[in-house]
Engineer: 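Below: one structure in structure tokens.
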Amino acid sequence: MKVIILIFVILSGGLLIYGTMDMPAWGDPNSPANTYVSPLYIEEAYSKTETPNIVSAVLADYRGYDTMGETTVIFTAALICALLLRKNSDDDEA
Amino acid sequence: MNGMTQQFPALIIVIPLLAALLTPLLGTLTRRLCHPWLVLIIGCAFCMSLGIAAQVITSGPISYNMGGWEPPWGIAYRIDHLNALMLVLISGTGLLGALYSGPSFAKELPGRQTYASALYLLMITSLMGIVITGDLFNVFVFLEISSLSAYGLIACGSGDAPFATFRYIIMGTIGASCYLLGVGYLYISTGSLNLADLSRLLPQLYHSHVVLTAGALMLVGLSLKMALFPLHAWLPDAYYSAPSTVSATVAPLYTKVAGYLMIRIIYYLFERRFFVEVFPITTILSWAAVVALLIGSIYAIAQKDLKKMLCYSVIAQVGYIVLGIALVNKAGFSSAILTIVSEVCTKSCIFLATGAIIYRLGNSRIDNLRHLFRRMPYTMLAFTIGAFSMVGIPPTSGFFSKLYLLFGCLEAGNWVFIAALLCSTILNVIYFFRVIKVACFEDPQPEYQRQEAYPAIEVEEVPAAMLIPILLAATSIIATGLGSFWIVDNFVKPLLKVVF
Amino acid sequence: MLDFIIAKYNFWIYVVLMMIGLFAMLAKRNLVKKLIGMNIFQTAIILYYVSIGVKKGKVHVPILVGAHGHGEHLFKAADYLNPLPHVLMLTAIVVSIATTGVALAVLILIYRRYNTLNEDEIIELRQAEQEAEV
């Protein structure tokens with residue numbers, strides 16, 4: 001069984017490496033990811049959001065909706081732990 | 001008021017999210033209020049989704065920029081007919097489940113209704129979040145909220161629910177991570193995360209290895225999430241051991257939302273010709289789907305337990321949806337959407353009815369169902385309507401979706417698919433009519449063993465809060481069946497114009 | 001050839017890391033080890049994303065230098081790292097932590113029920129239970 005899994009894992013690793021062949025070189029400042037959307041964040045973040053930390057500006061403002069989802073994820077995990085691990089307390093209804 | 005309707009796309013997510021935050025607080029005050037609160041909030045979301053759908057039908061797709069940031073820099077919604085339809089389906093099923101959850105949670109999760117209600121609300125909200133957004137990373141965030149809440153709700157079920165959940169967590173995380181990695185591959189080759197923006201940028205890159213791998217990764221990730229054969233093994237145990245309300249919303253919605261994402265990726269993110277000319281992964285998908293609908297039905301026949309049988313039939317139905325998507329022709333595309341609609345109604349009805357049976361009988365072994373038609377006539381009537389829809393008997397919605405799928409297969413000219421379709425319909429007949437036969441015609445004891453006359457059979461219907469959603473779901477099966485031409489005219493045809 | 005390796009090795013390392021995680025998730029029989037594999041798997045993706053945002057040369061971390069006090073200051077995109085992958089990964093890290101937390105809670109439930117975390121033993125116990133029912 002382990003051998004089959006190993007072969008499967010190596011094959012999928014091979015697929016991923018095949019995908020990297022066409023990728024822009026690591027650290028290339030002219031790659032699409034570094035030239036298409038993100039420059040505007042760097043140029044505009046301070047004038048639009050008054051925040052020198054660009055990561056914070058994007059996190060809390062441009063993509064603030066994602067961050068709301070992120071906090072919800074934490075809330076969900078907390079609820080689940082309470083649901084699963086708390087002792088059933090039927091008598092806490094005042 | 002007009003300004004209010006313009007904010008519906010944001011409010012439909014934000015209101016239930018805030019309400020979910022307040023639910024534990026409300027629960028500590030009085031637990032009795034949780035159920036009406038849940039119904040109220042999801043009812044609001046349902047009304048808003050109807051408003052959005054009406055707006056989309058009359059005046060075309062809606063664009064909404066979150067926080068006023070222009071796409072692709074901010075997160076933008078673009079709600080077209082498909083989003084609107086999915087929103088109505090999710091909030092509608094959510095509403096039925098919310099009504100049902102009152103007595104069901106009280107019996108299955110005594111003392112834990114508050115947290116379960118809050119998680120339930122989060123689950124419905126995040127599913128709506130997935131189908132409403134136009135940003136690929138935002139989809140991932142909501143996908144994870146929805147998966148997490150499903151893990152939590154399933155794990156608190158009976159029997160070996162935790163172990164089944166752990167397997168689900170492992171598989172679900174691999175699926176979501178594959179999707180995330182696919183998004184990363186697209187990001188490195190384009191620099192954008194917005195769906196509409198990417199579909200504009202990608203055609204020049206169709207021959208790049210990165211984009212090819214990205215497509216494959218995202219589709220594999222979603223296949224895991226929707227339990228497409230051969231990645232289905234986690235599903236039956238997890239759905240089987242979940243509490244009734246949870247399986248009645250998770251089973252209809254999760255696989256279909258993943259199906260929706262698959263439609264988005266195959267038809268919107270990439271163009272159809274990418275799969276026809278460059279990268280024939282749809283062929284693989286369609287064969288996997290055909291095997292899924294046969295294997296799922298065969299396994300379903302082998303089950304001795306009603307709920308387990310239905311879990312396997314979920315796997316079979318995933319096959320129908322994926323087959324429709326992967327045929328890549330007009331009829332196939334229409335059938336995929338109609339199957340999603342009909343499946344959401346049907347599975348919701350059947351799982352709700354099964355939950356009611358478990359509520360009364362304590363288990364769902366098929367042998368125990370004898371005489372159920374007299375004891376629970378309305379529940380079993382709804383179950384029968386659901387079974388008719390699964391088999392595809394007119395005028396239920398299952399008939400029309402299968403009809404379109406048949407046209408799709410004919411258009412593709414693939415006789416193996418048609419044979420498989422007919423075969424699986426026959427298998428459906430076998431396993432559903434076995435249940436109906438036991439419940440309707442078999443006596444609790446054979447006549448020759450019976451010593452004395454029967455005790456009178458009492459009607460033991462479930463409480464109204466459970467019966468009403470069951471009957472509503474059964475009505476929706478008939479309504480979507482009779483109204484399927486209306487759905488095709490108002491939702492599918494505008495989509496076909498864009499895609500084909 | 002060497003240039004090619006230098007340009008790509010970063011991506012290959014994350015693939016190797018990811019496959020280690022995947023192997024652990026699928027092949028290990030202890031559920032906690034599976035969970036650790038899952039963490040490695042998710043961390044590999046985080047590393048991949050972060051390495052998208054790298055720009056070689058003389059660049060700053062994405063915190064604007066001398067922003068305060070200069071009313072109209074022009075910032076050049078080439079001087080700073082790409083901030084977007086960092087933002088995305090902050091979210092992904094939180095997601096992975098939450099998933100781990102939930103999985104650990106579920107593991108506690110499993111341990112309470114079966115008194116073991118070995119998958120093979122749990123499967124045996126389950127089968128014994130099912131037979132006892134019939």
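So you know, we letter chains A, B, ... as the sequences are listed, proteins then strands, and number each from 1.
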Engineer: For a 4.5 angstrom cut-off between non-hydrogen side-chain atoms, does B:Phe137 reach A:Arg63?
Structural biologist: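 They are in side-chain contact.
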Engineer: Using non-hydrogen atoms and a 4.5 Å limit, figure out which bit of B:Phe142 sits close to chain A: side chain, backbone, both or neither.
Structural biologist: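 Interface part for B:Phe142: side chain.
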Engineer: Measure the acute angle between the ring planes of A:Tyr65 and B:Tyr77, then classify it against the limits of 30° and 60° as parallel, tilted or perpendicular.
Structural biologist: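 Ring orientation of A:Tyr65 relative to B:Tyr77: perpendicular.
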Engineer: Below 4.5 Å from any heavy atom of chain B, which atoms of A:Asn34 appear? Answer side chain, backbone, both or neither.
Structural biologist: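 No part of it gets close to chain B.
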Engineer: Could you walk me through whether B:Tyr115 and A:Leu84 pass side chain to side chain contact (heavy atoms under 4.5 Å, CB included), step by step?
Structural biologist: CA-CA 9 Å; B:Tyr115 298 125; A:Leu84 296 182; over 6 Å; no
Engineer: Looking only at heavy atoms and a cut-off of under 4.5 Å, which of A:Asp66, A:Leu79, A:Thr72 has the most pairs with chain B?
Structural biologist: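 Option with the top pair count is A:Asp66.
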Engineer: Output yes when a side-chain donor or acceptor of B:Tyr151 lies under 3.5 Å from a complementary backbone atom of A:Ile80, and no otherwise.
Structural biologist: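 Flag not set: sc B:Tyr151 to bb A:Ile80 has no pair under 3.5 Å.
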Engineer: If you count heavy atoms of other groups shown closer than 6.0 angstrom to CZ of A:Phe8, is the number above 12?
Structural biologist: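 Atom CZ in A:Phe8 is not crowded, with 12 or fewer foreign heavy atoms closer than 6.0 Å.
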Engineer: Output the distance between atom CG (B:Asn138) and atom CE (A:Met68), rounded to the nearest 0.5 Å.
Structural biologist: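 So the gap between those two atoms works out to 8.0 Å.
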Engineer: Identify the two heavy atoms, one from B:Ile145 and one from A:Gly69, that lie closest to each other, and give their separation to 0.1 Å.
Structural biologist: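 Heavy-atom minimum between the residues: CD1-O, 3.6 Å.
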Engineer: Taking all non-hydrogen atoms of both residues into account, name the closest pair between A:Pro32 and B:Ser189 and its distance.
Structural biologist: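 Closest pair (atom of A:Pro32, atom of B:Ser189, distance): CG-O, 3.5 Å.
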Engineer: Among B:Val211, B:Asp135, B:Leu193, B:Thr125, single out the residue with the greatest number of heavy-atom pairs under 4.5 Å to chain A.
Structural biologist: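 Between B:Val211, B:Asp135, B:Leu193, B:Thr125, the count favours B:Asp135.
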Engineer: Quick check: closest heavy atoms across A:Tyr41 and B:Pro72, and the distance to 0.1 Å?
Structural biologist: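 Minimum heavy-atom separation between A:Tyr41 and B:Pro72: OH-O, 4.3 Å.
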Engineer: B:Leu119 versus chain A, heavy atoms under 4.5 Å apart: side chain, backbone, both or neither?
Structural biologist: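 Both parts, backbone and side chain.
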Engineer: Are B:Trp73 and A:Val58 packed together at the side-chain level, in the sense that at least one heavy-atom pair is separated by less than 4.5 angstrom?
Structural biologist: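 Answer no - side chains too far apart.
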Engineer: Does any backbone or side-chain atom of B:Leu17 lie under 4.5 Å from a heavy atom of chain A? Answer side chain, backbone, both or neither.
Structural biologist: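 For B:Leu17, the contact with chain A is made by the side chain alone.
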Engineer: For a 4.5 angstrom cut-off between non-hydrogen side-chain atoms, does B:Thr190 reach A:Tyr36?
Structural biologist: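 When only atoms from C-beta onward are counted, A:Tyr36 and B:Thr190 do not touch, as no gap falls below 4.5 Å.
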Engineer: For a 4.5 angstrom cut-off between non-hydrogen side-chain atoms, does A:Tyr62 reach B:Met66?
Structural biologist: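 In short, these two side chains do not touch, never coming nearer than 4.5 Å.
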Engineer: Can you tell which part of A:Thr76 gets under 4.5 Å to a heavy atom of chain B, answering side chain, backbone, both or neither?
Structural biologist: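 Contact with chain B involves both backbone and side-chain atoms of A:Thr76.
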Engineer: Do A:Phe75 and B:Pro24 touch side chain to side chain, with heavy atoms closer than 4.5 Å?
Structural biologist: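 In short, these two side chains touch, coming nearer than 4.5 Å.
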Engineer: Tell me, for B:Ser192 versus chain A, whether the close heavy atoms (under 4.5 Å) come from the side chain, the backbone, both or neither.
Structural biologist: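 Contact with chain A: backbone and side chain both.
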Engineer: Taking the side chain as everything from C-beta on, heavy atoms only, tell me whether A:Leu16 gets closer than 4.5 Å to B:Leu217.
Structural biologist: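 Side-chain contact under 4.5 Å: yes.
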Engineer: Are any non-hydrogen side-chain atoms of A:Tyr18 and B:Leu212 less than 4.5 angstrom apart?
Structural biologist: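 They are in contact (side-chain heavy atoms under 4.5 Å apart), so the answer is yes.
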Engineer: Just how far is it from atom CG of B:Leu153 to atom CG of A:Leu83, taken to the nearest 0.5 Å?
Structural biologist: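 If we round to the nearest 0.5 Å, B:Leu153:CG and A:Leu83:CG are 6.5 Å apart.
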Engineer: Using modelled atom types only, decide if a donor and an acceptor are shared between the side chain of A:Asp22 and the backbone of B:His209 within a distance under 3.5 Å.
Structural biologist: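 A pair under 3.5 Å: yes.
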Engineer: Mind ranking B:Ile188, B:Leu201, B:Val141 by heavy-atom pairs under 4.5 Å with chain A and telling me who comes out on top?
Structural biologist: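 Most pairs with chain A among the choices: B:Ile188.
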Engineer: Heavy-atom distances under 4.5 Å only: say whether B:Leu21 touches chain A with side chain, backbone, both or neither.
Structural biologist: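 Its backbone and side chain both get close to chain A.
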